[in-house]
Amino acid sequence: MPVTGIMRVGEVAIRVFDLDESRKHYGERMGLIESHQGDDDKLYYKCPDEHDLYSLVLRKADKPGIDYIGFKTAQDSDLDHFAERLREYGVEVEHVPAGTYAASGRRIRFRLPSGHEMQIYAQKEQNGNGMPLLNPGTIPDEGYIRGFRTVRLDHCLLGGTDIDANAKIMMEVFGMTMSEKLVSHENGMSLALFLTTSNKPHDIAFVLQPEGDKFHHVSFLLDNVYDLYHAADLIGKYEIAVDVAPNRHGVTRGATIYFFDPSGNRNEVFTGGYVHYPDTPTLTWDTSQLGKATFSQDNTVRPSFLEVLT
Ligand code: M3P
Ligand code: FE
C-alpha cells in the first residue's frame, strides 16, 4: 500500500507542571532530544530516528493532560480535502496559517466527538536523524542515542465519551482501519478502539471514559525487548514511577512498560506487535478476557491502568 493521506501521528502536545522536572524526565532520563528552542517557553523534543524537527511539545500548565494530537499527512492539498470531508460530518474546522506552530506549515484544527483537539499538517522543518542522507551508515555518532534508546513517537491512547463516533471519523474521513477492538462481553458496547493509518498495529486508540478530552498515554517505539529491559533498568535506577512493569499486551501483541512523568502523565515504551495491512481483519476482544487483552503474560487486569488518566 503506498502511504497516502495521513502518514502517522507526528506530534503530541502535553501539559506539565514544571519544565525543569520535565526536562530531566524526557531529556536526561528518557534520552529524547531537545531539538528546538522556541520563543514560547515550551519544550520541543524528538526521538533519535525521526527526521522532523520535533514530535513532543511540553507546555507548562496547572493541570496535566493533552493539548492536542497532530497527524502528518502526505500532501498539502490533503488539508483542504479533509476540511471539506470533516464539515460533511458536522465537524467545525479551523484553518491555521503557516508559522503559528513552530517550524510548521499551515494546519487544520478541530475537535473530535470525544472532545480532543486534533491537528493535521503536511509540512514541518526537518533536521535529520543524526546520520547523513548520502551514504548514511547504520548508526549515528556515539552519544546521539541515549537513555531509553527510543526510536520514534509511536501512538497515543485517548479517553473520552463517544469513541464510536471518533472511530467513524478516523475511518470514513481519514481512511484509517480498525486493527482491534475491546467490547463488553455483556452488551457488546465498545470500550476501546484501536486504529491504524499504516502498517503499525495502531497509531491512535480511544478508550471509553465518563469524561471527554482525557489522556491515557503517549507511547515511544523501541527497537527490541532488550532495549525494553534496558529502559526498565533505568526506570528502576532513577526511581521513575511505574504503572506496569515489563509485560506484553494481548491487544497489538506489543511488549510494554508504563510509567509516569513527574506531572502524572502516563508514558509507554513499546516494541514488537504485528504488521497490519488494510485488509487485515479487525480482531475483537471481550471483557471476559480483559486480563489477557491488556497484559497477556499474567492475564491480570490493573485497575490503575484502566482508571488513571490525566
Ligand atoms: C496499548 C498498546 C487496552 C490496551 C491498550 C494497549 C486499553 O496501548 O500499546 O498496545 O486495553
Ligand atoms: Fe499503547
Side-chain angles (χ1 to χ4, degrees), residues 4-16 36 38-46 50 52-61 63-126 153 155-163 165-176 193 195-198 203-206 209 211-218 265 310:
T4 57
I6 303 273
M7 297 187 290
R8 61 177 174 276
V9 47
E11 186 171 323
V12 177
I14 62 183
R15 297 184 295 268
V16 296
H36 175 71
D39 47 16
D40 52 8
D41 207 30
K42 293 177 184 163
L43 299 182
Y44 292 86
Y45 285 98
K46 66 184 288 177
E50 292 171 333
D52 283 4
L53 185 60
Y54 62 91
S55 56
L56 177 71
V57 184
L58 305 178
R59 180 174 73 85
K60 182 177 157 63
K63 70 174 184 87
I66 187 163
D67 275 342
Y68 64 84
I69 180 165
F71 283 87
K72 192 173 190 191
T73 195
Q75 292 188 56
D76 184 76
S77 58
D78 294 342
L79 299 177
D80 300 317
H81 167 74
F82 289 140
E84 204 179 301
R85 294 283 288 138
L86 285 163
R87 287 204 186 95
E88 287 166 21
Y89 279 74
V91 177
E92 211 175 295
V93 179
E94 200 183 333
H95 288 264
V96 182
T100 307
Y101 292 92
S104 169
R106 71 185 181 111
R107 297 185 173 196
I108 59 169
R109 157 166 102 185
F110 55 93
R111 281 202 185 270
L112 292 170
S114 60
H116 298 91
E117 181 177 325
M118 185 167 160
Q119 301 184 0
I120 303 177
Y121 59 94
Q123 194 271 329
K124 187 191 282 181
E125 196 178 308
Q126 297 195 317
L153 175 65
H155 65 267
C156 272
L157 177 57
L158 306 177
T161 44
D162 201 351
I163 64 173
N166 277 15
K168 188 175 159 78
I169 289 173
M170 293 297 136
M171 295 196 291
E172 293 179 11
V173 174
F174 300 117
M176 294 192 190
L193 303 173
L195 295 137
T196 178
T197 183
S198 62
D203 287 275
I204 187 166
F206 301 106
Q209 287 290 308
E211 214 186 316
D213 201 13
K214 302 300 278 185
F215 177 59
H216 190 280
H217 69 264
V218 56
N265 294 303
T310 52

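Below, each value reflects all heavy atoms present in this structure, side chains not excepted, and no hydrogens, waters or symmetry copies.
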Assess whether a salt bridge exists between Arg85 and Glu88, defined as any Lys/Arg side-chain N lying under 4.0 Å from an Asp/Glu carboxylate O. yes

Just how far is it from atom CD1 of Ile169 to atom OH of Tyr89, taken to the nearest 0.5 Å? 8.0 Å

If we ignore hydrogens and angles and just use 3.5 Å, is the side chain of Arg109 paired with the main-chain N or O of Glu94 as donor and acceptor? no

Side chain proximity check, Val173 to Phe82, heavy atoms < 4.5 angstrom: yes

Please tell me if the side chains of Tyr45 and Leu58 come closer than 4.5 Å, counting only heavy atoms from C-beta onward. yes

Sidechain N-carboxylate O distance under 4.0 Å for Arg111, Glu92: no

Please report the interatomic distance OG1(Thr197) to CZ(Arg8), rounded to the nearest 0.5 Å. 10.5 Å

With distance as the sole test, does Asn265 use its side chain to make a donor-acceptor pair with the main-chain N or O of Arg15 at under 3.5 Å? yes

For His155, does its backbone N or O pair with a side-chain atom of Asp203 as donor and acceptor, under 3.5 Å? no

What is the minimum heavy-atom distance between Asp78 and Gly5, and which atoms define it? OD2-CA, 3.6 Å

Does a side-chain heavy-atom distance below 4.5 Å link Leu195 with Phe174? no

Reported CD1-to-CG distance for the pair Ile163 and Leu193, which is rounded to 0.5 angstrom: 4.0 Å

Rounded to the nearest 0.5 Å, what separates atom CD in Glu117 from atom CD1 in Ile69? 11.0 Å

Counting only N and O atoms by type, is there a donor-acceptor contact under 3.5 Å from the side chain of His116 to the main-chain atoms of Gly159? yes

Check whether Tyr121 forms a cation-pi arrangement with Lys72 (NZ or CZ under 6.0 Å from the six-membered ring centre, at most 45° off the ring normal). no

Any chance you could lay out the side-chain contact (heavy atoms from CB on, under 4.5 Å) test for Gln75 and His81, step after step, and finish with the verdict? CA-CA 10 Å; Gln75 292 188 56; His81 167 74; over 6 Å; no

Decide if atom CG of Asp41 counts as having more than 12 heavy atoms of other residues, nucleotides or ligands within a radius under 6.0 Å. no

So, taking the atom named CG in Leu157 and the one named NZ in Lys214, what distance separates them when rounded to the nearest 0.5 Å? 13.0 Å

Where Val12 and Cys156 come nearest, the two heavy atoms and their spacing: CG2-SG, 3.5 Å

Can you find a pair of side-chain heavy atoms, one from Leu153 and one from Val218, that are under 4.5 Å apart? yes

Flag the pair Tyr101 / Tyr68 as yes when their ring centroid distance falls below 6.0 Å, and as no otherwise. yes

Run the numbers on Ile108 and Val96 for side-chain contact (heavy atoms from CB on, under 4.5 Å), then give the verdict. CA-CA 6 Å; Ile108 59 169; Val96 182; over 6 Å; no

If you take all heavy atoms of Pro113 and Thr161, which pair is closest and at what distance? O-OG1, 4.4 Å

Is there a side-chain contact (heavy atoms from CB on, under 4.5 Å) between Ile66 and Leu158 once you walk through the steps? CA-CA 9 Å; Ile66 187 163; Leu158 306 177; 3.7 Å; yes

Looking at side-chain heavy atoms only, is the closest gap between Met176 and Ile6 below 4.5 Å? yes

Distance-only side-chain donor-acceptor flag, Glu11 / Ser55, under 3.5 Å: no

Has Gln209 got a side-chain atom pairing as donor or acceptor with Gly160's backbone, closer than 3.5 angstrom? no

Would Asp52 and Lys46 pass as an ion pair if we require N to O under 4.0 Å? no

Spell out, as yes or no, whether a donor-acceptor pair under 3.5 Å connects the side chain of Tyr54 to the backbone of Leu43. no

Exam field: side chain Arg107 to backbone Ile120, donor-acceptor pair closer than 3.5 Å: no

Can you tell me how far apart CD (Glu172) and CG (Leu86) are? Round to the nearest 0.5 Å. 12.0 Å

Would you check if the side chain of Arg106 reaches a backbone N or O of Ala98 as a donor-acceptor pair within less than 3.5 Å? no

In sequence, state the C-alpha distance, the side-chain angles, and the governing distance for Phe71 and Ile204, and then conclude on side-chain contact (heavy atoms from CB on, under 4.5 Å). CA-CA 10 Å; Phe71 283 87; Ile204 187 166; 3.9 Å; yes

Would you say CD of Gln126 has more than 12 non-hydrogen atoms from neighbouring residues, nucleotides or ligands within 6.0 angstrom? yes

Treating Asn166 as the side-chain partner and Ser114 as the backbone partner, does any N or O pair qualify as donor plus acceptor under 3.5 Å? yes

